[in-house]
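Here is the structure we will look at.
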Amino acid sequence: MNEVLNVLCLEDSQQDAEIMRELLIDAGYDLNMDCTAFENEFVSFLRSREYDIILSDFKLSGFDGFAALRWSVEICPNVPFICVSGSIGEDAAVELLKKGAVDYILKDRLIRLPSAVQRAVKEANEKKARLQAEQALHESEERFRSLFENSTVGIYRTTPDGKILLANPALVKFLGFSSFEELSARNLKEEGFEPSYIRSHFKDIMKREGEVHGLEAAWTRTDGTKLFVSESAQAIRDEEGKILYYDGIVEDITIRKLAEKKIRDVAKFPSENPDPVLRVDKDGKLLYANEASYKLLTWKLKIGAKMPAVLQKAIVEVFSGNKIKVIDLKHNQRVFSFNIVPVVETGYANIYGRDITDRKLIEEALLISEKKFRQTFDLSLVGIVMVGLDKRFIRCNCAFSQSLGYLSEELVGKTIADVTYKEDLQIGMEEMKALIKGELDSSNVQKRYIRKDGQIVWGEVLMSLIRDKEGHPQYFLTIIQDITQRRNQEEALRESEDKFKYVFDHSVIGKSITLPSGEINVNKAFCEMLGYEPRELKKINWADISHPDDIELTNEALGLILSGEKDSVRFIKKYIHKNGSVVWADVGTSLRRDKQGKPLYFMTVANDITERKRAEEEIIKLNKELEQRVIQRTAQLEAANKELEAFSYSVSHDLRAPLRSVHAYTNILLEEYQDKLDKEGKRLCGIISSGASQMGGLIDDLLSFSRIGRSSMNLSMIDMRTMAESVFRQINGERKAAKTDIKIGKLHKVFGDTNLIKLVWNNLISNALKYSSKEIISEILISSRQEGDIIIYSVKDNGVGFDMQYKHKLFGVFQRLHNESEFEGNGVGLATVQRIILRHNGSVWAEGEVGKGATFYFSLPSQDKRQK
């Protein structure tokens with residue numbers, strides 16, 4: 001069933017009032033709404049009917065929001081007042097809030113209305129409940145205070161460690177003090193009791209049973225005299241069963257105790273005692289009764305007859321234990337306390353009765369009042385605390401202690417300053433002074449507290465002062481409602497609106513808010529983009545500034561959003577500048593809806609791309625020219641490649657012919673003129689032949705290196721372990737097996753060109769064997785590992801190594817780090833490896849140390865696109 005909401009609306013626009021009505025009905029309220037635009041009728045409604053919320057426009061004919069708020073506060077102070085206006089300055093809005101309004105809403109943001117109303121009504125209901133609880137608490141407090149102040153028996157509250165928290169005037173007077181402050185300085189744990197009465201007996205009973213009744217003790221007055229008392233008390237515990245304090249009632253029985261002592265010693269003049277005095281034997285038979293016994297007791301008392309059964313059991317216990325026993329009995333609408341005292345040497349017992357009806361009534365009333373007070377205090381959903389005049393907590397309920405993250409007993413004894421945010425320490429202090437002086441009846445402030453864990457808690461603090469019957473201040477009774485969530489929500493909403501407004505107004509990109517009817521609200525950048533002033537665009541429909549060719553396009557885009565087919569759209573459209581020129585814009589727009597899905601407004605971002613469109617046209621023109629240039633350059637490149645291929649062939653053919661001649665004629669010299677050549681001549685011919693052979697190898701390597709970059713690749717899955725083993729066997733075929741120790745670990749398979757990858761392994765294994773050949777045993781380790789989507793292969797040897805500062809030369813053509821006299825080679829092998837790996841989208845690098853070997857790495861993608 002929907003919640004019924006009674007609304008009084010002060011509004012001169014019927015359309016705006018109807019929108020507010022629909023928003024509240026859509027939010028789920030059963031609405032009873034009275035509307036008016038006139039002051040006298042508004043006041044009449046306030047006086048004659050009850051409302052849950054008041055919604056008021058700010059500007060009306062001869063009437064404004066401040067006047068409406070004054071009437072509302074005067075007639076219905078507890079009904080929340082929200083200002084709903086089309087335009088209100090920030091200063092006016094703040095002033096309204098200061099004077100009692102709970103919120104204000106701009107009409108272009110009416111979507112906030114239901115949540116604002118819901119929050120205001122909820123807070124008003126909470127405040128009403130709090131006031132009712134305060135009233136109940138106040139009434140209970142008044143009843144308790146009357147009993148407390150006027151009782152003839154002493155009433156107290158103490159902590160287990162002996163600190164006196166409360167004491168009524170009767171108790172102060174019993175003990176001979178002039179004021180409670182003087183009494184509270186006494187520590188009951190260390191002083192105040194006669195040595196013959198052990199206080200630990202009282203505490204043991206309280207700890208074990210939680211209460212004592214009629215416990216007799218002897219206290220010491222300020223003048224040093226002895227005061228006999230009958231004490232009844234109850235232990236007040238927290239939720240975990242720990243004793244917080246004792247509440248007790250004390251009756252002065254000094255006169256009675258002295259009388260009993262006198263009777264016990266000499267048994268004189270019992271007939272003069274105004275209270276019942278009886279004597280019984282061990283069998284419970286009546287031996288004597290004074291006149292007060294026959295007058296006050298309605299039992300059929302007869303000398304020699306047994307006493308009533310209600311006393312028989314107690315009499316037996318007295319004689320069996322030879323101890324005084326006290327028993328309270330309700331008799332003839334009165335309550336009597338009977339002390340049964342054995343007189344051992346005579347074999348009888350004296351019974352001293354005393355009318356304690358008034359004391360019992362006070363005890364019961366006190367317990368009832370305390371129970372009501374505790375229920376209101378402890379079970380309240382809002383925080384309630386009792387604060388002493390020294391600003392220390394006397395008592396705190398669960399709601400307050402939990403809101404600050406403490407146990408109730410942890411807060412007792414702390415000062416207000418201990419839990420108050422530093423910057424708010426002075427808030428409420430002047431009000432406390434004014435309460436003590438009587439200048440205020442109550443105060444209401446908002447301040448921040450510090451939780452035990454250091455977090456900040458906001459509280460709305462309602463404080464009053466409790467006085468005794470003479471008007472002396474006793475303590476502050478304070479109600480604290482945790483409003484942290486409300487303050488955070490208000491702050492978050494305010495920050496959100498401020499951020500939105502700042503971002504909207506100061507954005508360098510044009511932004512607009514467009515109502516479904518076509519009216520627009522724009523920022524400065526949008527105005528500058530089209531050359532208008534803000535006030536000019538507020539009067540213009542979006543279609544008036546759109547290029548005629550793009551109106552249908554815009555309507556189609558908005559239609560997709562309104563139909564729910566899309567949440568947002570983005571498109572390119574043309575606007576008309578104020579000077580008539582065309583402005584191109586990249587437009588993105590989305591639709592804001594209410595909770596029921598009803599359209600509220602379009603939020604549009606328009607980025608001026610006029611210059612970009614011009615640049616695009618220029619780029620199209622340049623692209624056409626570029627395409628023609630590419631065709632020309634491609635033809636030139638193809639011709640250059642053909643020339644390069646012809647040159648390579650020419651080099652290969654023309655250079656090899658003279659090299660063959662040099663090699664052949666050198667061999668002829670060695671064979672046919674051997675007997676004519678001396679040793680030096682033969683050596684020189686060998687050098688010439690070796691140089692020609694080396695030149696031929698270099699030409700072959702260069703041609704092979706040049707073909708790598710131009711030849712096409714045939715990709716397939718390669719078993720790298722099998723390939724590495726095959727290459728090693730081929731290279732090491734003529735070497736002695738004992739000379740080389742090769743270990744091939746796990747090698748991942750990879751996708752690549754078989755011939756090219758084989759050439760990589762050939763070059764790297766050859767290098768490893770070559771540069772470790774001077775070691776006794778060549779140790780070579782080949783392995784791989786996978787890291788993400790790449791595989792890293794390595795070839796490690798124990799050869800001569802290299803200096804890492806020259807590692808940049810390793811993969812350059814003809815770059816060598818060792819003399820040819822040490823190790824043969826022409827410096828093309830590693831350059832070939834690098835070119836092959838780069839063609840496979842991999843990389844190659846090396847690590848080494850002089851005299852400690854080298855490790856060459858290359859990486860390849862773990863998958864080819866065709867595998868995926």
Review point. Do the ring centers of Phe58 and Phe66 come within less than 6.0 Å of each other?
Key: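 Ring centroids of Phe58 and Phe66 are less than 6.0 Å from each other.
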Exercise for review: Give the intermediate values and the outcome of side-chain contact (heavy atoms from CB on, under 4.5 Å) for residues Phe81 and Val102.
Suggested key: CA-CA 6 Å; Phe81 181 98; Val102 299; 5.7 Å; no
Any ion pair linking [Y] and [X] (charged N to carboxylate O, less than 4.0 Å)?
| X | Y | answer |
| --- | --- | --- |
| Lys613 | Glu611 | no |
| Lys758 | Asp753 | no |
| Glu617 | Arg614 | no |
| Arg21 | Glu18 | yes |
| Asp64 | Lys59 | no |
| Lys598 | Asp26 | no |

Exercise for review: Assign the ring pair Tyr857 / Trp845 to parallel, tilted or perpendicular, where the plane angle (0 to 90°) is split at 30° and 60°.
Suggested key: parallel
Exercise for review: Start with the C-alpha distance between Glu533 and Lys578, add both sets of side-chain angles, then the distance that settles salt bridge (charged side-chain N to carboxylate O under 4.0 Å, His left out), and finish with yes or no.
Suggested key: CA-CA 10 Å; Glu533 293 293 328; Lys578 186 177 180 180; over 6 Å; no
For the residue pair [Y] / [X], report whether a side-chain donor-acceptor contact shorter than 3.5 Å exists.
| X | Y | value |
| --- | --- | --- |
| Lys746 | Ser784 | no |
| Thr604 | Thr589 | yes |
| Ser794 | Ser783 | yes |

Review point. Between Arg570 and Asp586, is a salt bridge (charged side-chain N to carboxylate O under 4.0 Å, His left out) present by the stated rule, with each step listed?
Key: CA-CA 7 Å; Arg570 184 175 178 180; Asp586 183 353; 2.5 Å; yes
Review point. Given Lys574 and Ser546, is the side-chain hydrogen bond (donor to acceptor under 3.5 Å, both in side chains) satisfied, shown in steps?
Key: CA-CA 6 Å; Lys574 300 186 290 293; Ser546 297; over 6 Å; no
Check your understanding: Is the count of non-hydrogen atoms from other residues, nucleotides or ligands lying under 6.0 Å from Gln786 atom CD greater than 12?
Key ->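 It does: Gln786 CD has more than 12 such atoms within range.
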Review point. Is it true that the NZ or CZ of Lys573 lies under 6.0 Å from the centre of Phe571's six-membered ring and within 45 degrees of the ring axis?
Key: no
